[in-house]
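Structure first, then comments.
The model shown is predicted, which means the values in this text are computed figures rather than measured ones.
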Amino acid sequence: MEGKLSEASRRAVPSPIQQLSHLAQSVGAVNLAEGFPDFPAPAHVKAAAAAAIASDLNQYRHVQGICDVLSETMKREHGLYVDPLTDFAICCGQSEAFAAAVFAIIDPGDEVLLFDPAYETYHTCIELARGIPVYVPLDPPSWTLNGDKFLKSFTSRTKAVILNSPHNPTGKVFSKEELLIISEACQEKDCFAITDEVYEYITYDENKHTSLASLPGMQERTIITSSLSKTYSVTGWRVGWACAAANIAAAIRNIHVKLTDSAPAPFQEAADYAVKRDFILQLLTDYGFHISFRPQGSVFVFAELPRSWQISDIDFVTNLIQNAGVAAVPGRGFFHTDSDDQSYNHRYVRYVRFAFCKSDETLEAAAWKMRTLADNNGTMKLNGK
Amino acid sequence: MEGKLSEASRRAVPSPIQQLSHLAQSVGAVNLAEGFPDFPAPAHVKAAAAAAIASDLNQYRHVQGICDVLSETMKREHGLYVDPLTDFAICCGQSEAFAAAVFAIIDPGDEVLLFDPAYETYHTCIELARGIPVYVPLDPPSWTLNGDKFLKSFTSRTKAVILNSPHNPTGKVFSKEELLIISEACQEKDCFAITDEVYEYITYDENKHTSLASLPGMQERTIITSSLSKTYSVTGWRVGWACAAANIAAAIRNIHVKLTDSAPAPFQEAAVIALTSTSDYYKSLKKDYAVKRDFILQLLTDYGFHISFRPQGSVFVFAELPRSWQISDIDFVTNLIQNAGVAAVPGRGFFHTDSDDQSYNHRYVRYVRFAFCKSDETLEAAAWKMRTLADNNGTMKLNGK
């Protein structure tokens, strides 16, 4: 039957990266080939997944909480306003989100621009949808975008541009100027953009990840794809998402359901937990806390009041309730040592416990109230002065 | 940008099963619509997953142990000799195994035969690969394969036959005679077969699941797909597989890697534990489901249905609305959700044939699918609610009169 395999089969070859890893494994090589960690995932994320399994959240599931927190994060970090109810498709990794996005927008014969060098997988997805990959070389040594070459690559058949930033394999973070060139071209040619932002939280020095969709005119035509994998070191969990305008997201969801039905349920729950925890840590940091110890498990943050805040835990909590309408727990009730150590006694009235096992509405309301109080005070003054 | 969505987008519609589930959820209905359990997965399987996570097996992974165990099982249960090193692709559920298999063998314009009624997902996968689904109606009331109709459906463009047995939505288990008809046709026409065997361990009475690939001449041309989901009550874990001759399996693997990269790693580890469950596990799985099947058949009979076909396998009853009930499947289900707080699935979504046969067109709005993969509490609650509605109405009047 080999002669009857599809044309797509004949063109989809084994992943050279995976094959080399098998070779490396067989000779016991140190593996700096495949892009996944050999250190553990964060303990709190693993614990959340184990808890979900034990709580029997093991059936087909769409965990809306992920979308709620993602939309809050996108607003805060990129100034993007998305609707958590309509603008997301939760998929089996960024891989599947990308595949579903391609099927949602690419018709046979449509051309898709990619920047070279490029991660090998995009090509096959485009070909499965019978699109035509067209490569635009980036210029070494810094892999800069040549606007001229780029614009010349557009034809009347160009449907979409693929943007992977931060970039695999070069590590490039596309600059604001380059993003502007891409965005202007997409608007002028009325094209889609599909982004792969899986390394969004892994940038160095002064480089900051800017989401293409946040540029003027881009939100309506950009499909953002990303995942838990790299951010939380869980590449084997297969939880990712696509985010796009409602009708595009709906198309992606419909196709995703036919490809894989559902992303793994317990890991969606863990994702929900992980992003909520990060949300509250960011909120507290914005508020002025120095979070010197990030929770590894449970649903609590035990935050230390900064030295410059001349206030006890009880007074802080009282003020927070009265002035910001947000309740937390003074830390002293958890300490039991009567110590002769003066610094210890001083210390144990300096902690406040915040819980984040709360609905997204609750967390957002808390964020808004605390931010409002901070704004009103100019700085974080909760000592009654 | 809406006008620029692909043609595939325009044809892939939201799942009608999922939409009714949303209505059911909003009224707090007992859900006998979606085919997933509301009872826990087996403890030993859950524990294995938790252990894998704790042992940091959370990165991209191919767990060869799954293939080793599966090949041993297939030898023992079906007399199939497969190579665990080359003949498998581990995928994100049977769903993805099926999608990858279709992309591996279907070129644009290839025709694919399916038996009607059929699970809605196969159609979209075939269309995404630009194949042409061709439906062969099974004959009610027992959903028998009409060899004549089947053979007449082949053309020079037919590339593959899809076989889902035990069958969703009817609960049919294809007989040895029917499998022989299918196998002889596939060989004569030199076609592939893709099977969906997810309910392979859920059969009733004397019915036994026979794998099409085990028939003479079929192993080289059959792609078996199945998964953990129904056997171990973990539909949300997304671990499934395709099994086929080496070069076909390699093609499926290559495509799978581009679609989803890897099935979830910790659940692959747990799969090895699940797949080596003792024979007692499978015996009690069958026994428990048989009790549930009998319970729901009684419930429906009490309610006024005439069950002309008892499910031979799967977790579904495909019940025909009695002739005297002047109501369509959709209206019946909507009424049942709103007035009894019990959700089921209108059968029409499973039928695909636009037929000149008037009796066929009349027929396909007369079925309702009930899932019974539910806890005893759930089934009892459904029974109580439906009995209450029946009592209130005196007789089975769900047409608003």
Does the [X] side chain pair with the main chain of [Y], one donor and one acceptor, at a distance under 3.5 Å?
X: E111(B); Y: R157(B); result: no
X: N31(B); Y: E34(B); result: yes
X: D110(B); Y: K159(B); result: no

Taking the six-membered ring for Trp, are H352(B) and H123(B) parallel (under 30°), tilted (30 to 60°) or perpendicular (over 60°)?
parallel
Could you tell me which of [options] has the largest number of non-hydrogen atom pairs under 4.5 Å with chain B?
options: I248(A), I252(A), I255(A), T124(A); answer: T124(A)
options: A245(A), G236(A), C191(A); answer: G236(A)
options: L5(A), D56(A), N58(A), V234(A); answer: N58(A)

Between [options], the one whose heavy-atom pairs under 4.5 Å with chain A are most numerous:
options: A49(B), A251(B), A104(B); answer: A104(B)
options: R61(B), R253(B), E96(B), R130(B); answer: R130(B)
options: K258(B), Q59(B), M1(B), K4(B); answer: Q59(B)
options: G240(B), S233(B), C125(B), A8(B); answer: S233(B)

Which atoms of D190(B) come close to chain A, meaning under 4.5 Å heavy atom to heavy atom: side chain ones, backbone ones, both, or neither?
both
Contact origin within A263(B) toward chain A - heavy atom pairs under 4.5 Å:
backbone
Report which part of [X] has an atom under 4.5 Å of a heavy atom belonging to chain B: side chain, backbone, both, or neither.
X: A99(A); answer: side chain
X: C91(A); answer: neither
X: A246(A); answer: neither
X: I106(A); answer: backbone
X: A97(A); answer: neither

Check the side chains of S229(A) and Q94(A) for a donor-acceptor pair under 3.5 angstrom, ignoring hydrogens and angles.
no
In terms of side-chain heavy atoms, does S6(B) have a donor or acceptor partner in D107(A) at a distance below 3.5 Å?
no
Step through it carefully: locate the ring centre of Y119(A), locate the ring centre of Y199(A), and say whether they are under 6.0 Å apart.
no
Over 12 foreign heavy atoms within 6.0 Å of CD, Q25(B)
no
Qualifying ring pair (Phe, Tyr, Trp, His ring centres under 6.0 Å) pairs, either residue in residues 239-272 of chain B, two or more places apart:
F267(A)-F267(B), W237(B)-F267(B)
